[in-house]
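The structure appears right after this line, and notes come after that.
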Amino acid sequence: MRKSFNALLLALPLALASLAAQAADSSPVGRWQTIDDTTGKPKSIVQIEQAANGTLTGKVVEILQSDKGPDPLCDKCEGANKGKPIKGMTILWGLKQDGRQWSGGSILDPAKGKTYKAKVTVIDGGRKLEMRGYLGIEALGRTQTWVRE
């Protein structure tokens, strides 16, 4: 009886560490490399964080490739983001967890200056993120795959 109890005590930390790793793999929180739809090359790094209210926000923390130089501005944006640097800009906000995905938020495409409804799903064991942006209904949109950094 004592041996099985000791074995259980030894196995418990490993089981808890495994559960924590699985939870981290399913979370979109972290740094993500965005991939250009046309070239297939890395475009920027977006840092996704979870706010105190449980929603996700994402901010561009690094520009890797841009046709407008190393410090592009959001010249097609309207309102408060017009003419502002894309680096440092919050482009993802308001996503709430809905099972294995996060939805109900918005994403800004700085290249087009347009805001879309957004949904994200962590895939491939936490190594990739499917980012779906759409207008009105989900069928009217596109999906990008971002890679965890």
Side-chain angles (χ1 to χ4, degrees), residues 8 11-149:
L8 178 64
L12 188 59
L14 293 174
L16 291 174
S18 175
L19 284 174
Q22 285 176 356
D25 286 348
S26 65
S27 171
V29 172
R31 288 172 57 100
W32 296 93
Q33 195 175 79
T34 68
I35 308 297
D36 186 279
D37 292 343
T38 308
T39 66
K41 293 182 179 179
K43 195 169 184 175
S44 65
I45 304 294
V46 174
Q47 175 73 41
I48 297 180
E49 297 178 348
Q50 190 167 3
N53 66 2
T55 63
L56 296 180
T57 61
K59 182 184 289 191
V60 178
V61 294
E62 193 174 337
I63 303 292
L64 302 174
Q65 174 195 3
S66 171
D67 297 339
K68 298 179 182 180
D71 297 310
L73 302 178
C74 198
D75 54 0
K76 293 186 178 178
C77 289
E78 297 178 3
N81 285 330
K82 181 147 185 79
K84 297 281 173 84
I86 295 172
K87 184 177 179 180
M89 185 176 286
T90 298
I91 63 162
L92 180 68
W93 62 92
L95 289 149
K96 298 177 189 98
Q97 190 167 13
D98 182 17
R100 290 190 49 215
Q101 65 185 13
W102 295 72
S103 60
S106 300
I107 185 163
L108 168 67
D109 179 350
K112 295 181 180 179
K114 298 198 183 284
T115 301
Y116 303 92
K117 291 183 180 181
K119 176 180 98 168
V120 299
T121 307
V122 178
I123 60 170
D124 198 17
R127 291 183 293 274
K128 295 182 180 175
L129 181 80
E130 283 186 340
M131 167 60 66
R132 180 88 178 151
Y134 57 95
L135 289 171
I137 59 172
E138 234 181 284
L140 301 175
R142 73 174 203 243
T143 301
Q144 284 187 336
T145 301
W146 295 1
V147 179
R148 192 180 293 272
E149 193 177 51

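Position 1 is the first residue of the sequence; numbering continues from there.
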Do [X] and [Y] touch side chain to side chain, with heavy atoms closer than 4.5 Å?
X      : Y      : answer
Met131 : Leu92  : yes
Leu135 : Lys114 : no
Arg31  : Glu62  : yes
Pro85  : Asp71  : no

How long is the gap from [atom1] on [X] to [atom2] on [Y], to the nearest 0.5 Å?
X      : Y      : atom1 : atom2 : result
Ile91  : Thr57  : CD1   : OG1   : 10.5 Å
Leu108 : Tyr116 : CG    : OH    : 9.0 Å
Asp75  : Asn81  : CG    : CG    : 12.0 Å
Trp146 : Ile45  : CH2   : CD1   : 10.5 Å
Met89  : Cys77  : CE    : SG    : 5.0 Å
Gln33  : Glu149 : CD    : CD    : 6.5 Å

Verdict with reasoning, Leu95 to Thr55, per side chain to side chain contact (heavy atoms under 4.5 Å, CB included): CA-CA 5 Å; Leu95 289 149; Thr55 63; 5.9 Å; no
Does Asp36 come within less than 4.0 Å of Lys43, counting only side-chain N to carboxylate O?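 Judged by the 4.0 Å cut-off on N to carboxylate O distance, Asp36 and Lys43 do form a salt bridge.
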Any idea which heavy atoms bring [X] and [Y] closest together, and the distance?
X      : Y      : value
Val60  : Ser44  : CG1-CB, 4.3 Å
Pro42  : Leu64  : CB-CD1, 3.7 Å
Thr115 : Ser106 : CG2-CB, 3.9 Å
Gly54  : Trp102 : O-CZ3, 3.4 Å
Leu56  : Pro28  : CD1-CG, 3.3 Å

Does the side chain to side chain contact (heavy atoms under 4.5 Å, CB included) test come out yes or no for Ile86 and Lys68, once each step is laid out? CA-CA 11 Å; Ile86 295 172; Lys68 298 179 182 180; over 6 Å; no
Residue pair Arg142, Asp109: steps toward the side chain to side chain contact (heavy atoms under 4.5 Å, CB included) verdict: CA-CA 12 Å; Arg142 73 174 203 243; Asp109 179 350; 3.7 Å; yes
Which residues pass the salt bridge (Lys or Arg N to Asp or Glu O under 4.0 Å) test with Arg127, not counting sequence neighbours?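 With sequence neighbours excluded, Arg127 shows a salt bridge (Lys or Arg N to Asp or Glu O under 4.0 Å) to Asp124, given in chain and number order.
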[X] side chain to [Y] backbone, donor-acceptor under 3.5 Å:
X      : Y      : result
Ser103 : Lys119 : no
Gln97  : Gly99  : yes
Arg148 : Gly126 : yes

Counting only heavy atoms not in Lys82, do more than 12 sit closer than 6.0 Å to its NZ atom?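 For Lys82, atom NZ is crowded (more than 12 foreign heavy atoms under 6.0 Å).
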Derivation and outcome, side chain to side chain contact (heavy atoms under 4.5 Å, CB included), residues Ile48 and Leu129: CA-CA 11 Å; Ile48 297 180; Leu129 181 80; 3.9 Å; yes
